Amino acid sequence: MTTQDIGIERKLQRALRRFSRQKRNLIPVLQAVQEKLGYLPRAAITAIAAYLNVPEVDVYGVVTFYNQFRLSPPGRHAVRVCLGTACHMKGGYITLDAWQRRLGVEKGQATPDGEFDLDTVACVGCCVMAPVTIIDNKPLARVDPTRVDGILLSYKLAKEGEGKP
Ligand code: FES
């Protein structure tokens, strides 16, 4: 077991101890574990299933049904495409498609280099700026597919700048 695995195991056990071993606690347990670990690794799913005496397949069923749960680690930057009504009407799905193609991931996944993870959100309350993409909790206005490359480039340049003395 690696040091990282031990760290995950400790956080997991701390989260589990807060709940009684009842099946009805499955969603709150998943939320608590994800809050501690940032996502739900396979080992956590196995441990939760054992703790609550629920088949692992049922735990996966819940995790994949609800949008809030992640099976992969989050990226350094969280990209969230708003698909609320106003953003949808202004082409939110086309923007999502552009992000998916540019990042090379589907929604709910992180890029292999761990820089970005992509997901969708419901209305974030700034519909006049539709279509909106939120990056690290900062809403960006009128993000249509033509703006995706420029936004990504600005993050790439910022990262390169961080590496300079
Ligand atoms: S629908 Fe996207 S901000 Fe309201």
Side-chain angles (χ1 to χ4, degrees), residues 8 11-12 15 18-19 23-45 48 54 56-164:
I8 287 176
K11 286 181 184 171
L12 182 58
R18 293 171 37 206
F19 298 91
K23 188 178 177 180
R24 66 183 159 92
N25 284 333
L26 177 56
I27 290 177
V29 165
L30 288 167
Q31 288 169 329
V33 170
Q34 181 165 281
E35 196 183 307
K36 287 267 184 218
L37 302 178
Y39 74 113
L40 296 164
R42 191 190 171 120
I45 301 282
I48 291 166
V54 173
E56 241 177 85
V57 67
D58 290 356
V59 180
Y60 276 110
V62 170
V63 167
T64 52
F65 182 78
Y66 291 102
N67 232 356
Q68 62 179 299
F69 297 121
R70 303 185 51 83
L71 288 167
S72 55
R76 187 165 166 242
H77 299 291
V79 179
R80 301 291 177 261
V81 179
C82 180
L83 292 180
T85 305
C87 290
H88 171 62
M89 298 298 285
K90 295 268 187 169
Y93 277 97
I94 300 170
T95 302
L96 173 63
D97 190 52
W99 280 112
Q100 289 182 148
R101 277 186 284 112
R102 289 294 178 256
L103 294 174
V105 296
E106 298 291 315
K107 78 174 203 147
Q109 296 178 336
T111 53
D113 64 1
E115 276 298 300
F116 297 94
D117 69 77
L118 178 65
D119 220 324
T120 57
V121 288
C123 179
V124 289
C126 38
C127 307
V128 291
M129 295 162 49
V132 175
T133 290
I134 302 98
I135 301 187
D136 299 336
N137 295 320
K138 181 180 165 206
L140 305 176
R142 286 169 277 285
V143 181
D144 61 27
T146 62
R147 292 197 55 215
V148 169
D149 278 343
I151 294 167
L152 279 177
L153 182 62
S154 71
Y155 277 85
K156 192 176 171 192
L157 292 174
K159 187 183 176 195
E160 285 173 9
E162 284 170 14
K164 291 193 176 131

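All of these numbers come straight from a predicted model, not from anything done at the bench. Order of listing sets the numbers, starting from 1, for every ligand and every atom in it. Quick note: residue numbers are just sequence positions, from 1.
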Step through the shown structure and confirm whether more than 12 heavy atoms of other residues, nucleotides or ligands are within 6.0 Å of CD on E35.
-> no
Report the residues that fulfil side chain to side chain donor-acceptor pair (under 3.5 Å) with N67, sequence neighbours left out, ordered by chain and then residue number.
-> none
Judged by atom type as modelled, is there a donor-acceptor pair below 3.5 Å linking the side chain of R142 to the main-chain atoms of V128?
-> yes
Within a distance under 2.8 Å of atom 2 (Fe) of ligand 1, the protein atoms of type N, O or S are C82 SG, C87 SG
Report the residues that fulfil side-chain contact (heavy atoms from CB on, under 4.5 Å) with P145, sequence neighbours left out, ordered by chain and then residue number.
-> I94, T95, A98
Y93: partners by ring pair (Phe, Tyr, Trp, His ring centres under 6.0 Å), with sequence neighbours left out | H88
May I ask you to decide if the ring planes of H77 and F116 are parallel, tilted or perpendicular, using 30° and 60° as cut-offs?
-> tilted
